[in-house]
Structures are given as structure tokens and as C-alpha cells.
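Chain A is the first sequence line, chain B the second, and so forth, proteins listed ahead of strands; every chain is numbered from 1. Note that the structure is a prediction, hence the values are computed from the model and not measured.
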Amino acid sequence: METRQTAPTPELANRYDFSTQEAEVLRLWDERQDYHAEVDRTKKPYSMVIPPPNVTGALHLGHALNNSLQDTLIRWRRMQGYNTLWMAGTDHAGIATQAVVERRLKEEEGKTRHDLGREALVERIWSWKDQYERRILGQLKSLGASCDWPRTRFTLDPMCARAVFATFFDLFRQAWIYRGKKLVNWDTFLQTAVSDDEVFNETVKGHFWHIRYPVIDPQAGEPTHVIVATTRPETLLGDTAVAVHPDPAKALDKVRDELQEKLTKASDKERTEIRAQIEALAARRTEMLAGLELLAKMARAGRKILLPLANRQIPLIADIWAKPELGSGCVKITPAHDPNDYEVGRRANLEMINIMHPDGTMNVEAGAFAGLTIKDARKRVVAALEEAGLLDKVEDREIELPHSDRSKTPIEPLLANQWFIKMDQLAENAINAVEEGRVQIHPPRYTRSYLDWLGEKRDWPVSRQLWWGHQIPVWSKPAQDRQELKQIHDQLFELGIDKSAGGRAAVQEEPCDESDPAKRAHLKLPLATVHVCLSDPADPLSQALESAGFVRDPDVLDTWFSSALWPHSTLGWPEKTPELQYFYPTSVLVTSRDIITLWVARMVLTGLNNVGEIPFRDVYIHPKILDGFGETMSKSKGNGIDPLEIINKFGADALRLSMVQMATETQDVRLPVQFECPHCGHSFEQTKKNRELPAVGCPKCGVEFSTQWAAKPEHLELARGAVISERFEVARNFVNKLWNAARFVLKHLEGYEPAPIQLAQLPVEDRWLLSRLASVTTEVTQRLEQFKFAEAARSLYQFAWDDFCSFYLEINKDRLQDPAQRPQAQQLLAAALDTLLRLLHPPMPFVTESIWQLLNRAAPVRGWDQLFVAVAAGQDDFAQSVPQESSPSLMVARWPMLPSSWIDTACEQQFAVFQSVLAAIRDIRNRQNIGPKETLAFSLRCESSIQSLLQPMAGYFRAMANAELREIGTEITPPQPNAVASLEGVDLFVDLTGFIDVEAEKQRLRKEQEELTKANAGRQAKLANESFTQRAPANVVEEVRQSLAQATARLEIIEQALRTLS
RNA sequence: GGGCGAUUAGCUCAGUUGGUUAGAGCGUCUCGUUCACAUCGAGAAGGUCGGGGGUUCGAGUCCCUCAUCGCCCACCA
């Protein structure tokens, strides 16, 4: 083996310069390309796909969290020797991206997409995509993500497109994709249907209008008007019926029964309320029934109502949708614009009148109101009703108004042609995969939302009226009658497209849902529509179809359609590529809970359908990052943090480590957010008020700066204040601490010679360190296996700072000065630092890699690689540990596995005695206000076993507390005057000659006395309690007895000392 | 309305199957910079574990209940 020369370590800065170091490390990684994976059947694969970030914009802190965790996992597994693939890529994010580009087009050029046309708009979006994809990938690289960059995919790239069309074709052929007319959430601003998932409700102040609809030719005893109530009066123009419950008495009974049922389960507070409801219902019952039963009778008799303003005759119908207890008990039915009314319309075979243009203005069906926006139409309709005396009353009311998540404008329900995926079988399979444990969700409580959602098996509408996305590969042609239908089929036959067209084309015939020919003619509906789906839209057949009068569906597919295929489409499916066979199913998916249904469930479903195998074995759901007020972060709220700003200010490792520390199991994480003044650098807390202002004055320097990411034009000339959080300081300090610990080690490695270590010959402090190292290694490995990121980070942080730096390095300061001990100290320091770097590498790869490179120069042959291999192979053979040439990059160094025989609990306990004596001496020094330069003398009274431990450590008391051990043993003569501390197993006497502050000492002792007395009182009470001594386990009782005895002995010493002082 | 989760120090969070005196970091206070690190070191103060009830020898931990907050799902004209 060729060994590299030991080189002296250059002078290193006492602060870790993350920006320089990170850049260098990134260069190294890019040169080596260790993140790139090729199929290698001699190794076990470990693979993961990135949740592809939307190319809408830059990454936010949630992405930083998500990707820090993924990278921690992939680096750890890579070090464990797996052949790791982390697939990188981005998502085209249909609506979101198109909306952003359209908004800019409007703002900057005053144009709409229609001014540009489909091709030009899509071209613009592509250049937007290029820009943001670059930015996103750059951000990920800055974060240190070790994705397989050469494989980077995009949901619209040819490889993904192929999978999309193959999937669509397959589902189409099985008729699991079908076209239907359904009510969709229509975004009038973007002019597209948005899915239920992209709709949020907002409570707005609105009105509840009670409108009188005249009854046509009322007979004696019948009302002249029917009153209906609505929050959307303009929709009355599309009304095609008024409904009343067919059996109001029965319905009211049911309501009453339900309330009473509820009463039995309700709490006291709710009970009063429910009782009041029942009483109110009973009081109004007779009166309500009289009116409603009459109306129900009229409905059965086929009576008609005159629709105001439109002057159309509409039927009074009986339908269970009308709830007698609500409002007047009658409800207007607008089938084309309300989901519930749509169902009523289907049941009663009502006409559906769409009164709205796609842009939200009223169409010709609205008669006199045509051309008006909804808002204006509403005003005019109300005014017209009032004028006609048909407005009964108006109530103020808060209403839940659905809004589009993308455009933030109100949603209008609208009837449209949409493609749907049938969910029953697909969902069933995905449910089974989780129920049978083939896919495991962590933490397990999220399993329920997955199963519940899939259990509903609601068909998935996949069309989107957009231009940015995978255009639906279906060409359609309507047939008005049987003859035309036959002609179409003949055409297809000539083109070679029929049921046997095989893998290229598939045909569906969609009959019209209106069976009455007269109505069909009236509504200009075709008899049937013939759809042809091509497995490859670029197939020349498409031109042939178009020549034959077929028209391609202009819609594109829901973004989630392509995302759903991500784990297999990125690996080359539908080809049976070696990658697919080797890396699929992937090992784990790391994501946030809000897309468990939208994305995770659908990946399972398509994976099972397309590949026949689950897409991943584990799903880890990480918490959400909230601001200091518990609100989600977002750009628009002004509390969103840009990961790059954190990287610039604190370094990538600090960001990553903070993220890993935050990834706890139980709850979301609050991150109080500050503004940083761009002028003086002062940072101050965000408040709900100041973050909404476009500009804010710095409380320190007084200069105004802009606060929002997208500043208003008038604030563009102001410098923008960064949104940061001081919470990252902890991790930054830790990174710096590690850097300086390494600096210390490197500084003392001159003359380093590798040699195997002999455990039995090591002094107690080394055996302690190795024991701790072995424990921590085991802990961290186990915690990562269980996705307990925060716990793993805590173990590492505590070990590195408290054990390694505060004790081990301090102890070594003396040994390194002693030529006899120096070589061994160097060997252990190099090996311990080496192991520590490996353990810290997954969460903080940059600083550890930087140090690793330096260590490679100072001590190229070192460490316990051979041991790790042996332990991994099940051997616990310490003789194997011969130092090895170290890996040229930490990224591919081996993950530590230390022999369990290194864990020495007795040694750790002994060391704890040393630590507690040290702490006690320091406490006395502080209390007595004795400066660190004043040497203290102390004596220890203890058993001989402890004596043999502490005596050799006398030098460390000198080094770490400037205290001289004068006497130690079972019989000693305490110095006079002294300060006493009675610890477990040892009594400490510090010589106070020359510095005594009697009052301070008495105070310290009294506090100690008080604590011990209090604790003992509790113990005595326990032991006096017979049921405790009898029922508690014997070992627990014994423990209490012992601690009482020990504490009593210590108390006596304290009290003795107090008496002496008095 | 249904479901999930949370409430522990001034702040942000840990707290294993119930078992001695409930922990960490930040912040605060005191003291300290030749000797890896002031992004540091030493020490201190600070908690009736949201309220109430129950089970138990013993509850931050298990059960019930109330209160507050957050999220997801379904929604009433």
C-alpha cells in the first residue's frame, strides 16, 4: 500500500470560513461525482426520489428541511456501503407556473395569454422554467444535496412524457379513464378548472337574500309566492326548479331524532344549545308543516313557478335535498352552478342552464344581464328584484366562499367536460399495500389520512384547461346521428384504428348522457362522441386523424398525473431498464404531510398499476416549519425565509443541522423570524404588523428598507431587508466549535505515526472516550434507522461538544506535552476525530469534508476502517484494527461500527465521579469568587477503588480547575478552613485558607442542605407508607432506601461543616 | 360536523415500557480572554409539566373531562 506523506497543517483561521470552504468542497464533490450511481449488482441499492420542487419559484425553508433530511439519509446509507441513488428533478407544476408567467405577462406587458397564443405562451413558460430550474438546482447544490445530478429529470421531459402517455393509454384502453360532464371548480381568472385540493375557503362578509318567486295561477288557499334564500342571487337566472322536501313531517322528525341522539353524547355545555334547538323546532313545527306540506302537495301536482327577471316557468319539485328546517324550507335549484343542485337536477331530469362565460361574465342565457361580471350582475339582479317588489328581506351573513389557491379569486362551480380516472380498483390496491405493511408510513398516525382518503375512491378528474403541461393524447369527433357514427367508425377502420389497433391507438365511444332525442336536439348535443387515444401523440396517425376531422383535446393533464409516476418514470419505465429493475422500488420517500393524498397515495397507486410493485418501502413525513406565531411561512405573508439567505449568513451546515435538529416526531416547529436591516445589519423581531408593511424603518439606524419579497414599485429603490432567524446561531456555533476542535487536533499532529491501539493499555480517559464513541455510534445509527433525526442530532451534538471538546481535548493538552504519552495521544486523537467526522458528515457534510481533507494531509493513515468492516461482518475482534489509508473523500468513507466490547459502563460511571468533583470545585471557586489564576488545594475522602481512579487524574484537576489534589483516601485530614461538598461516593474539601467568604460558603451549604432535606423527607414518607413498601417492586424500594442512606450521610457532612463555620 | 396533533423554564423544544430531586439550547445574571474556539469557558437563577377529576403504592407519562391553539377532511341554499 502506498502511503501519502504526512504534511504539516497550514495555519488555519480561528473562525470557520464557510463560504470559502463550502465552495472548495463543492468543487471536490463535483470533480469526483461520487453522488452518481450506476447499476452494480455486487452492491445493495438504496434509492430515493426527490419530491420534485415546483419550477414556480425559488426554494423555501420547507424545501431546505425536506432536502436536508433526504441528504442526511442518502449520505449515511452511501457511507454504509449501499449503492445510493438520489434522483433529482423538478416539477412543471401546471397551474402554478402558468399562473405566475401569466401574471407577469399582464403586469409587465399588459397582455393576456390569448394575445400571445398557445405556442408563444408555452415558449415563455419554458424559458421561465429554465431560469427557475437552474436556480432551484443551484440552491440544492448549495445546500449540499448529493443528488445524482447527471440524471436530473423534469416532469415534462421526454422520458417523463413517455411514461405519462403510456399510462394514459393503458388506463384509457381499460376504460379506467373516461370522459364525463361534471361540475368543476372554475377559476374565472385563470379560466381553468381547479381541483378540490386547490381550493381553499375564506370567510367573507356577504348577504343572505330572501327572494319571492311568484306561483303561477295560485289556487285558493295556496300561497302567491314561494320564498327562497340565497347568497348568490345572480344564479337565479340559471334556476330550473324550486324544490321542497317531499315529506316535511318525516324530515323534521328525523332532524329531531338526530338532535336527541346527539344530546346523549353531548357535553353539558352543548346540551343547553341542543335542547334550545329542539324546542325551537317543536315550537315552529305546526306552522312550518302547514306551509311545506301544502307546497309538497303542489309539487306533486306539477305546479309551476315564475322565475323572476327571466320570466321563465320552472317547476316546483319535491326533492329530499330541500331541508325543511332551514330557511323557508324551499330551495332554488341551479343545476349548472351548484354541486348539490346538480345532483337534484340529475334526479329530476332538469334542464341545466349555464349562465356564465369562462371568464366569469354572464352569457346570453342571462338575458338582460349578459356581459356583466358576476359582481355587477349581482347588484343589478338585486336592484331589479327590489324594484319588482320581490325581495323579501336581506340578512347580513358571513359566508364561506371557495377561492382558487392559485389565483386567489373566488371559484364558480361550472359544468364542463372532463377526463376522469376510475379509482375503485386502483385505490383498492394502494390501500392493500399500506394495510399489509408493504409500504410503511412514519410516524404511523399519518396512515389513517392515507387510508381514509383512498377509501372514498372518488374518481380523479385529470383534465386541466391549461396550456402548460402534458396535452391529453385524445382526438375526438362528435356524431349527431347513427349514420354519422357509422361513418366515423368506417374512417377509423380505414386508418387501421379499431379495437385491434394494438399498442398504438385505442378507441372509446362516449354516448350522450341526455337520452331524450328532442332535448338533445334542443341543446345541440351529439348522439355520441368517438375518442381515439394514441400511445404516442407524435404518431403520424395524429395527422391522419386530424385530416379526418378529429380534434385533439386542448386540455392538459393535472400536474399530479406526471408526479404520480415520478418513482418509475424517472427510471425509464415503460422500458424495463436495468435502472428500473435495480433501483425500483425505491427505499424511502421523504415528504410533508399535506401531500400524502395528492402525491404519496397516487404514486403507490400508479406504481402498483404500471410496474406491479410499490414505489417505496418507507414514507417519512416530516414536520412543518411555522413562524413564531404558529403560522405557516409564505412569501405573501412576508415571513418566508429564503434558504440561500441563511446559507449566506450562517453557512449550509448550520442550516442543515438546524433542520435535522428540528425534525422531531411529535409536532411542528416554530421558528421566530427576524428582519435584518440591510444598512446596519441589526436584526429585530417580526410582528404581525410590521411584516405586512411594504417598508419598515430599522429601530437601530432608522433607515427604511423594504420588507416584502416582491416589493411594491414605490419601494423598489429601497434596499430589501432579509428575513432570517437567529435560531440558526446555535448550529453555526457548533460548526465553528468543531472546526476549532479540529484545528487543535491538527496543530498537535506533527510527528504523527500510525499504530494499532491496545485497548487494555489505555488510560481511563481513553477507554472512557472509546466507550462513549461506541455508544454514540450505536445510538446514532439506530436513530437514523428509525427516522429519529432530532434524537440523532442531539446525541452527536452533546457528544462532540461536551465529551469530545470539553473533556477529552482538555485532558489531552497535558498528554501532548509529555513525549512519552504524545504518540499514543496523537493516534487516539486522529482516530477519534476521524470517527467523529464520519458520524457528523450526513447532517453537516461541508465542514466535515473540509476537515477530512486537512486530516488526510496531517495523518493519512489512521482510523479504524478495518475494525468497522470486521464489526459489520459480525466479528468483535479488536486485533483487526490496523490503521488504514483514509478515503480521499469523506463522502465515501465508511460509516463507523464499533465493537460493543468498547462500551464500558463501569468506566463511564467512574469518569462521572471525576466530572462531578470537577464541577464541585468550580462551583466553590465561583461562589467564593476566587479568580481562575488562584490555585486551589483540595482533599478527597473516598473508597480505595475511587482513589485509584482519581489519583492518576490529579493532573486534570490542575489543568481544568487550577486545583491541586493534596490528599486522597479513606482517612484524610481536611484542611482548615475548608469548603465541603459531599458527592456520591466522595467528599470534597477545598482549602479556603486565604480566601474564605464565610457568608457565601454558608449560603452554599444551606442550599445544599435544603435540597437534601427536602428530598429525604420525600423518601422517608415513601418508606413509611406501607402500601409502597409492600406493593412496589423490591428493587424500587431498595433503591429508595439506599439513596436515603447516602443522602443522610451527605447531609451530616454538610451540617457538620455548617456548625464549624458558625 | 368528522379526524389528527399540541399545551412542560421568559423563548424554542426533549422527556424511553408509570419509579430517586423533570432536562437541553437560546435569553437573563455573576465571573473569566497569552496557551483550538468570546461563534468561547466556569457557574447561577428560572418550572404547582394548560385547568379539573380518576386509575395506581407512585402520574409530565395511562383514562375521563374542560379550556386554548394548529392542521387535515367534509360542508348548509
Side-chain angles (χ1 to χ4, degrees), chain A residues 12 14-16 196 201 208 228-232 235 243 262 267-269 321-323 325-328 330-334 338-341 399-400 443 445-446 448-449 452-453 456 593-594 596-597 624 626 628 630-632 650 654 661-662 664 666-672 726-727 729-748 790-791 794 797-798 805-806 809-810 813 918-919 922-927 929-933 960-961 1011-1012 1014-1016 1018-1019 1022 1025-1033 1035-1037 1039-1040 1042-1044 1046-1047:
Chain A
L12 300 173
N14 67 351
R15 287 192 184 188
Y16 173 63
D196 291 345
N201 284 320
F208 205 43
V228 296
T230 181
T231 53
R232 302 168 64 210
T235 61
K262 220 165 118 188
S267 62
D268 289 348
K269 199 185 151 193
W321 165 240
K323 310 258 168 73
E325 75 277 15
L326 291 175
S328 66
C330 291
V331 59
K332 63 196 267 306
I333 303 295
T334 324
D338 181 280
N340 292 306
D341 291 6
I399 39 178
E400 293 267 295
R445 65 172 181 277
Y446 292 115
R448 182 190 276 265
S449 55
D452 285 355
W453 185 81
E456 288 178 24
R593 63 166 175 266
D594 39 9
I596 291 174
T597 53
K624 287 189 79 153
L626 310 171
E631 295 179 13
T632 50
F650 299 99
Q661 284 173 326
M662 282 175 189
T664 57
T666 45
Q667 57 186 341
D668 291 340
V669 129
R670 285 185 182 209
L671 193 75
E726 286 162 2
R727 212 39 66 84
E729 284 177 5
V730 178
R732 178 202 57 191
N733 295 353
F734 179 69
V735 170
N736 196 57
K737 182 80 181 176
L738 181 69
W739 172 256
N740 275 292
R743 226 164 55 104
F744 171 82
V745 173
L746 291 165
K747 202 171 172 177
H748 292 97
E791 288 184 33
R794 207 173 27 249
Y797 184 96
Q798 191 272 327
C805 293
S806 296
L809 293 189
E810 288 303 323
K813 281 177 180 171
L918 192 65
R922 286 165 165 177
D923 182 20
I924 289 165
R925 179 185 285 283
N926 261 297
R927 300 266 186 189
N929 210 7
I930 303 168
K933 282 175 190 159
M960 297 172 74
E1011 278 171 10
L1012 283 168
K1014 204 175 120 195
N1016 269 355
R1019 293 185 182 113
K1022 250 186 185 177
N1025 182 350
E1026 268 183 37
S1027 51
F1028 172 70
T1029 49
Q1030 279 166 19
R1031 298 199 202 191
N1035 64 321
V1036 173
V1037 177
E1039 267 173 39
V1040 175
Q1042 276 181 17
S1043 49
L1044 176 63
Q1046 276 169 17

Taking every heavy atom of A/S449 against every heavy atom of A/T597, the minimum-distance pair comes out as O-CG2, 4.0 Å
Shortest non-hydrogen contact from A/T664 to A/A790? CG2-CB, 3.6 Å
Rounded to whole angstrom units, what separation is found between the CD1 atom of A/I930 and the C1' atom of B/A42? 13 Å
Nearest-nucleotide pick for A/A1015, side chain only, options being B/U21, B/G43, B/C13: B/U21
Is it true that A/K813 and A/E810 have a side-chain N and a carboxylate O under 4.0 angstrom from each other? yes
With sugar-phosphate meaning primed atoms plus P, OP1 and OP2, does A/R1019 contact a base, only sugar-phosphate, or nothing at under 4.0 Å between heavy atoms? base
Atom CD of A/E726 to atom C1' of B/G25: distance rounded to whole Å? 14 Å
Heavy atoms of A/A322 and A/V331 approach each other most closely as CB-CG1, 3.7 Å
Side chain of A/F208 only, please: which of B/C37, B/A77, B/U39 is the nearest? B/A77
Using a cut-off of less than 4.0 Å, is there contact between a side-chain N or O of A/N14 and OP1 or OP2 of B/A38? yes
With a cut-off of less than 4.0 Å, is there a side-chain N or O of A/N733 near OP1 or OP2 of B/C37? no
Return the nearest nucleotide to the side chain of A/V1036; candidates are B/G3, B/G19, B/U21. B/G19
By nearest atom, which of the nucleotides B/C75, B/C11, B/A77 is closest to the A/P672 side chain? B/C11
Does B/C31 have a Watson-Crick or wobble mate here (both distances under 3.5 Å), and if so which one? B/G41
Using a 4.0 Å heavy-atom cut-off across all strands, classify A/V331 as base, sugar-phosphate, or nothing. base
Are any of the side-chain heavy atoms of A/K332 and A/T230 separated by less than 4.5 Å? yes
Of all the nucleotides listed (B/U39, B/A77, B/A36), which has the minimum atom distance to the side chain of A/N736? B/U39
Could you work out which one of B/U21, B/G43, B/A36 sits closest to the side chain of A/K747? B/A36
What is the pairing partner of B/U61, taking Watson-Crick or G-U wobble pairs with both distances under 3.5 Å in any strand? none
Report yes if a donor N or O on one partner sits less than 3.5 Å from an acceptor N or O on the other, where the partners are the side chain of A/K323 and the base of B/C76; otherwise report no. no
Within the structure shown, what part of the strands sits under 4.0 Å from A/R15 by heavy-atom distance: base, sugar-phosphate, or nothing? base
Looking only at atom types and distance, does a side-chain atom of A/R922 sit under 3.5 Å from a main-chain N or O of A/A961, one as donor and one as acceptor? no
Among B/U20, B/A36, B/G19, the one nearest any side-chain atom of A/F1028 is B/G19
Does A/S449 make a side-chain N or O approach to OP1 or OP2 of B/C4 shorter than 4.0 Å? no
Quantified in whole Å, what is the C1' atom distance between nucleotide B/U28 and nucleotide B/A9? 12 Å
Using purine N1 to pyrimidine N3 plus N6-O4 or O6-N4 for Watson-Crick, or N1-O2 and O6-N3 for G-U wobble, both under 3.5 Å, which nucleotide pairs with B/U56? none
Rounded to whole Å, how long is the line connecting atom CD of A/Q661 with atom P of B/A14? 12 Å
Please give the distance between the P atoms of B/G43 and B/G60 as a whole number of Å. 29 Å
Separation of B/U21 C1' from A/E1011 CD (nearest whole Å): 8 Å
Residue pair A/L809, A/V745: steps toward the side chain to side chain contact (heavy atoms under 4.5 Å, CB included) verdict: CA-CA 8 Å; A/L809 293 189; A/V745 173; 4.0 Å; yes
Assign each of A/E729 and A/D923 the nucleotide of RNA chain B bearing its closest heavy atom; nearer the 5' end lies the nucleotide of A/E729
For the side chain of A/N340, starting at C-beta, report the closest nucleotide among B/A36, B/C76, B/A77. B/C76
With both distances under 3.5 angstrom, what nucleotide forms a Watson-Crick or G-U wobble pair with B/G46? none
Give me the distance, rounded to whole Å, that separates B/C31 from B/U21 when you measure between the C1' atoms they each carry. 27 Å
If you check every side-chain atom of A/L809, which of B/C4, B/A36, B/C13 has the closest atom? B/A36
Separation between the P atoms of B/U33 and B/G70, rounded to whole Å: 50 Å
Which whole number of Å gives the distance between the P atom of B/G23 and that of B/C63? 25 Å
My understanding is that a pair needs two contacts under 3.5 Å, Watson-Crick or G-U wobble. By that rule, which nucleotide pairs with B/U12? B/A24
Return the 5'-most residue of the pair A/L626, A/F744 with respect to RNA chain B, ranking by each residue's nearest nucleotide. A/F744
Taking atom C1' in both B/C4 and B/G41, compute the distance separating them and give it to the nearest angstrom. 45 Å
Pairs where residues 731-746 of chain A contributes a residue and the test side chain to side chain donor-acceptor pair (under 3.5 Å) is met, not counting sequence neighbours: A/N740-A/R743
Nucleotide opposite B/U68 in a Watson-Crick or G-U pair, distances under 3.5 Å: B/A6
Can you confirm whether the side chains of A/T1029 and A/K1022 place a donor and an acceptor under 3.5 Å from each other? no
Consider the side chain of A/N926, meaning its heavy atoms from C-beta on, and name the nucleotide among B/G43, B/A14, B/A77 that approaches it most closely. B/G43
What does A/T230 touch in the nucleic acid at a heavy-atom separation under 4.0 angstrom: a base, only the sugar-phosphate, or nothing? sugar-phosphate
Spacing between A/E1039 atom CD and B/G18 atom C1', to the nearest angstrom: 14 Å
Check this one for me: any side-chain N or O of A/K1022 less than 4.0 Å away from OP1 or OP2 of B/G19? no
Hey, does the side chain of A/R794 come within less than 4.0 Å of B/A14's phosphate (OP1/OP2), counting only N and O? no
What integer distance in Å separates A/R232:CZ from B/C76:C1'? 14 Å
Whole angstrom value for the distance that separates P of B/G43 from CG of A/L918: 8 Å
Tell me the interatomic distance from A/N1035, atom CG, to B/G58, atom P, rounded to whole angstroms. 18 Å
Hey, does the side chain of A/K813 come within less than 4.0 Å of B/A36's phosphate (OP1/OP2), counting only N and O? yes
Taking the P atom in each of B/U8 and B/G50, what is the distance between them to the nearest angstrom? 6 Å
Between B/G27 and B/A74, how far is it from one P atom to the other, in whole Å? 45 Å
